[in-house]
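Scroll down for the structure; my scribbles are underneath it.
A note on names: the letters A, B, ... follow the listed sequences, proteins ahead of strands, and every chain is numbered from 1. In what follows, every heavy atom counts, from backbone to side chain, and hydrogens, waters and symmetry copies are set aside.
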2 protein chains.
Amino acid sequence: MSCIKTLKEKGLKLTPQRRLIVDAIHDIDTNLTAEEIITHVQARMPEVHKSTIYRTLELLEKYGCVFKSEVGERSVYHHVDERHHHHHLVCSSCGKTIECDEDFFTNLEKSLAEKYGFNVDFKHIVMSGLCEKCKNKNK
Amino acid sequence: MSCIKTLKEKGLKLTPQRRLIVDAIHDIDTNLTAEEIITHVQARMPEVHKSTIYRTLELLEKYGCVFKSEVGERSVYHHVDERHHHHHLVCSSCGKTIECDEDFFTNLEKSLAEKYGFNVDFKHIVMSGLCEKCKNKNK
DNA sequence: ATCGGTATTGCACCTGGTCGCAATTATACT
DNA sequence: AGTATAATTGCGACCAGGTGCAATACCGAT
Ligand SMILES: [Mn+2]
Ligand SMILES: [Mn+2]
Ligand SMILES: [Zn+2]
Ligand SMILES: [Zn+2]
């Protein structure tokens, strides 16, 4: 429930719309599409406009309560306080999703920082490719 | 000009619209937004519809003539036969772009394949983060 | 409990991109 | 050159997501 606390601390108003959006992110499990959030919210308060929802999600991202990742065209939102940070491998053929530990990226991050002085911002990445089954299926 | 050859080989029709799109990808430099391509094409043939352009781009991507990367919301298209493959580091603060050798990713690819049996599809990635200057600027 | 100022909302409209469909056209065959 | 036909095009409607603005509501001060 730290989302609510964060909003308060930042001096932002606690509207019923915002409470519902925060609820959605807590209630439903991880990796929500914007559409799922909109459905959840409008089920209990139908007049809430999608623009309100997108704006709130943007806010929550800005204050570190939520990650936003692009999966293909769509966006996926992801509540932040989880057991541990992770990324996702999504099979472009069958859609299967594998959780991938973020440790795999620490080397890469380090070498990009060394070579280019660049600090990459790897937060909850979604990578596409082929899972084991699909890889073998196609000969 | 291998794009044209590829289209022919695949038994696809060589329409004037398609020629113009291929021209755009060759004429203007690398990393084109869809908008730039549309402008280029419609400057010489105004009636070409955006849907035609998106469909052709999709085709060219499918047959390996062009890479498509997502930069934030927008898509960027990238002609394939370059000196060498690369990725990009884009500074989220000043917009600077650094070309990054794809070798940095081979370890990661290998370990993801070993651990998860998953073949990631890393083609011309665009990663955001902070460049050296901007990193230091913010204290 | 009321009040005022500011943050937030809903709305209407916009943009990039996708899709189904009927009209058009590139190509292969005669 | 003329024709058949499957591929391609332009169009319009549509989708996710974002924005400016006037109306509203939260919240702290009285
Ligand atoms: Mn996740
Ligand atoms: Mn490039
Ligand atoms: Zn799969
Ligand atoms: Zn920078």
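- In this structure, Ile53(B) atom CD1 and dG16(C) atom P are separated by 13 Å, rounded to whole Å.
- Side-chain nitrogen and oxygen atoms of Thr15(B) include at least one within less than 4.0 Å of the OP1 or OP2 phosphate oxygen of dT9(D).
- Counting any heavy atom pair closer than 4.0 Å across all strands shown, Ser51(A) reaches a base atom.
- Contact check for Ile37(A) versus Leu57(A): side-chain heavy atoms found under the 4.5 Å cut-off.
- Per the geometry, NZ belonging to Lys50(B) stands 11 Å off C1' belonging to dC14(C), to the nearest Å.
- Mapping His49(B) and Leu12(B) onto DNA chain C via the closest heavy atom, the residue that lands nearer the 5' end is His49(B).
- Mapping Thr52(A) and Gly11(A) onto DNA chain C by nearest heavy atom places Gly11(A) closer to the 5' end of the strand.
- The NZ atom of Lys13(B) sits 17 Å away from the P atom of dA23(C) (whole-angstrom rounding).
- The interatomic distance linking Lys8(A) (NZ) with dA7(C) (C1') rounds to 16 Å, in whole Å.
- Toward the 5′ end of DNA chain D lies the nearest nucleotide of Val48(B), the other residue of the pair Leu14(A) and Val48(B) mapping further downstream.
- In this structure, OH of Tyr54(A) is placed 16 Å from P of dC11(C), rounded to the nearest angstrom.
- For Arg18(A) and dA7(C), the shortest distance from a side-chain N or O to OP1 or OP2 is not below 4.0 Å.
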Practice prompt. Please step through side chain to side chain donor-acceptor pair (under 3.5 Å) for the pair Ser51(B) and Arg55(B), ending with a clear verdict.
Written response: CA-CA 6 Å; Ser51(B) 64; Arg55(B) 278 186 289 228; 3.2 Å; yes
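- Residues Val41(A) and Thr52(A) have side chains not in contact (no heavy-atom distance under 4.5 Å, counting atoms from C-beta outward).
- Taking atom CZ on Arg55(B) and atom C1' on dC21(C), their separation rounds to 10 Å, with Å as the unit.
- Scanning both residues, Leu32(A) and Ala24(A), for their nearest heavy atoms gives CD1-O, 3.7 Å.
- Looking at heavy atoms from C-beta onward, Tyr116(A) lies in side-chain contact with Phe104(B) at the 4.5 angstrom threshold.
- Residue contacts shown for Gln17(B) are limited to sugar-phosphate atoms, with no base heavy atom under 4.0 Å away.
- Put simply, CZ on Arg19(B) is 12 Å from P on dT9(D), counting in whole angstrom units.
- For the pair Arg44(A) and Leu20(A), the minimum side-chain heavy-atom distance is below 4.5 Å.
- Here Thr33(B) pairs with Glu36(B) under the side chain to side chain donor-acceptor pair (under 3.5 Å) rule; sequence neighbours left out.
- What separates CD of Glu47(B) from C1' of dC11(D) is a distance of 13 Å, to the nearest Å.
- Near DNA chain C, defined here as any heavy-atom distance below 4.0 Å, there are no residues from residues 33-46 of chain A.
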